[in-house]
2 protein chains.
Amino acid sequence: MTEATRRERLRAETERDIRRQARALLVEHGRDAVTLRAIARELGITAPALYRYYDSREDLLRKLAEDICTDLAAELNTKLQGIAEDDISAQVFVVCRGFRRWALAHPQEFTLVFASTEDALGRCGPNEDHSQVGDQFGRVFLEVAGRLIVGHPLPDEIGQNVPEGLHADLKAFQRILLATVNARGVEVDEQVLTLGAVYHITQSWVRIYGHVALEVFGRFPFAVTNPEPLFDSMLAEIMGGMGLSQQP
Amino acid sequence: MTEATRRERLRAETERDIRRQARALLVEHGRDAVTLRAIARELGITAPALYRYYDSREDLLRKLAEDICTDLAAELNTKLQGIAEDDISAQVFVVCRGFRRWALAHPQEFTLVFASTEDALGRCGPNEDHSQVGDQFGRVFLEVAGRLIVGHPLPDEIGQNVPEGLHADLKAFQRILLATVNARGVEVDEQVLTLGAVYHITQSWVRIYGHVALEVFGRFPFAVTNPEPLFDSMLAEIMGGMGLSQQP
DNA sequence: GCAGGTCAGTGAACGGTGTTTACGAAGTTG
DNA sequence: CAACTTCGTAAACACCGTTCACTGACCTGC
């Protein structure tokens, strides 16, 4: 039988409805339109009732951002399942292109999760200790990146020039990355996932995020009528820089 | 004498005051705190009076974004004047580092100008025809980038792999860039400022913007305790990729 | 099974917001 | 000085987040 009591079931249901409505408002009319009163109106309840579920509007938005992260991760994981286990290169393409397409299709959600100052929203995910990847999406992204490196160690010349001041941070990140990849059953140590590789992953994220954000915000220095080739060529360049063959 | 009438002088003065107050509210308490009533209160007038100057709150925010762009450009130009005319490499460093420092010092302004969807704000600058650089900051950035290329043509191997689908856009951008650089008295044609060079500038902007935005929004995949070396090493990498010597 | 506690939801209220409207009081111009 | 333009006001409307005292349904232990 359902272990939960009637009240608990109802509560969970309402909570789901609240987030669904909030999500719809965000997607269709932007962050400012995510209003406690609008959500309540749509649900046929009154605004103060929402305070039984969230401490404040800001709290709701924070939870919403976590939901979005989780959903994005799930979407990418689904796409990942259609790819051969050993074709890591294809996996990277799927994740990166999937991220871009999602951001373009849901600019408001992208803005909330990936372009909000920390004090206005806080990070996704509950773990603030930074010993793990902060959010679900980050986990998917880094897992694939890690597997890519593991399956295809970087040429030695890459990453000999990581700046001294970054060694401590990169070493910490290396530990996180090793844990993340190992958690999926792939054995790997710092002989393969070198500091240079970690640095390269960071730089790749900078470029991918940079392109996507620029496209979402229309901040390229010129009018790009068809940005997809630009993204794909950047991706190919990143992969090529790691000594990997690119593919369409 | 002052050509303007008394009324015109007063109007210009209050308009300046309005923007100054709006700016202060934005910087100190974020976009949501830029309230018509708060601005009016601070100025000792009433909120509806602001409608003599702006069509709506959104209109004010748009104008504010233009101001910010212009001020940023002025700030960078001032820093640029302290650099030797022929040391283009140093000019690039000054502009890029200046952009990063400004963004970190004014995250709210950065968010408004560089991380807002177009429909929520529209682009800076009045010219929507895209035959010119959209905003003041873009002009400064591209001027320096253009001068860099002109003073130091790229190795031939760079930019042979610009994707076919981008040729049209890049050619248009090339025209803009040529006009922008030529407007400063430097003669240059498309033999020097090749399509590959234009592509390289675009990619560089992606990386610089990506790093700065990630830092402002705290969205690096790990806790970077000291992001400055990361930025500088990226800058050095970009310059190095163009066959230029880097410098601290 | 029912008394007592828990808890989702309500309605009223407070202070805040953007925006419109009609109106007055200056400045400008013939 | 009269006519006109322009800046600012007060009042009002419809929203907003949030708090508070409250009802009524649910759940639990006796």
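Below, chain A is the first sequence line, B the second, and so on; all start at residue 1.
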> Is there any side chain to side chain donor-acceptor pair (under 3.5 Å) pair reaching into residues 17-28 of chain A, and which pairs are they, with sequence neighbours excluded?
Replying inline: A/Glu15-A/Arg19, A/Asp17-A/Arg20, A/Arg19-A/Tyr54, A/Arg19-A/Asp67, A/Arg23-A/Asp71, A/Arg23-A/Glu109
> Atom CG of A/Leu61 to atom C1' of D/dT18: distance rounded to whole Å?
Replying inline: 15 Å
> What pairs meet the salt bridge (Lys or Arg N to Asp or Glu O under 4.0 Å) rule with one or both residues in residues 38-47 of chain A, with sequence neighbours excluded?
Replying inline: none
>> Can you confirm if the NZ or CZ of B/Arg11 lies within 45° of the ring axis of B/Tyr53 and under 6.0 Å from the centre of its six-membered ring?
In response: yes
> What residues form a ring pair (Phe, Tyr, Trp, His ring centres under 6.0 Å) with A/Phe114, not counting sequence neighbours?
Replying inline: A/Phe99, A/Phe110, A/Phe137
> Hey, which of these two, B/Pro48 or B/Arg11, hits DNA chain D nearer its 5' end, going by closest nucleotide?
Replying inline: B/Arg11
> For the side chain of B/Thr46, counting heavy atoms from C-beta on, which of D/dA10, D/dT18, D/dC16 is nearest?
Replying inline: D/dA10
>> Can you build the contact string for nucleotides 21-30 of chain D? Use B for base contact, S for sugar-phosphate-only contact, and - for no protein heavy atom under 4.0 Å.
In response: ----BBS---
> Does B/Pro48 have any side-chain contact (heavy atoms from CB on, under 4.5 Å) partners at least two apart in sequence or in another chain, and if so, which?
Replying inline: B/Thr46
> Can you check the A/Leu60 CG to D/dT18 P distance for me, whole Å?
Replying inline: 10 Å
>> Which residues pass the side-chain contact (heavy atoms from CB on, under 4.5 Å) test with A/Val94, not counting sequence neighbours?
In response: A/Lys79, A/Leu80, A/Ile83
>> The criterion is salt bridge (Lys or Arg N to Asp or Glu O under 4.0 Å); which residues satisfy it with B/Asp59, sequence neighbours excluded?
In response: B/Lys63
> Using 4.0 Å as the upper bound for N to carboxylate O, is an ion pair formed by A/Glu66 and A/Arg62?
Replying inline: no
> B/Arg57 CZ to D/dC15 P: how many Å, rounded?
Replying inline: 18 Å
> Can you list the residues that meet the side-chain contact (heavy atoms from CB on, under 4.5 Å) rule with A/Leu104, with sequence neighbours excluded?
Replying inline: A/Arg100, A/Glu215, A/Val216
> Of all of residues 33-40 of chain B, which get a heavy atom below 4.0 angstrom from DNA chain C, listed by number?
Replying inline: B/Thr35, B/Leu36, B/Arg37
>> For B/Ala145, give me all partners under side-chain contact (heavy atoms from CB on, under 4.5 Å), at least two apart in sequence or on another chain.
In response: B/Ile201
> Would you say D/dC7 has OP1 or OP2 under 4.0 Å from some side-chain N or O of B/Tyr51?
Replying inline: no
> What is the distance from CZ of B/Arg41 to C1' of D/dG8, rounded to the nearest Å?
Replying inline: 17 Å
>> I'd like to check the salt bridge (Lys or Arg N to Asp or Glu O under 4.0 Å) partners of A/Arg101; sequence neighbours left out, ordered by chain and number.
In response: A/Glu228
>> Taking any atom closer than 4.0 angstrom to a non-hydrogen atom of chain B, what span of DNA chain C does the protein reach, first nucleotide to last?
In response: C/dT17 to C/dT28
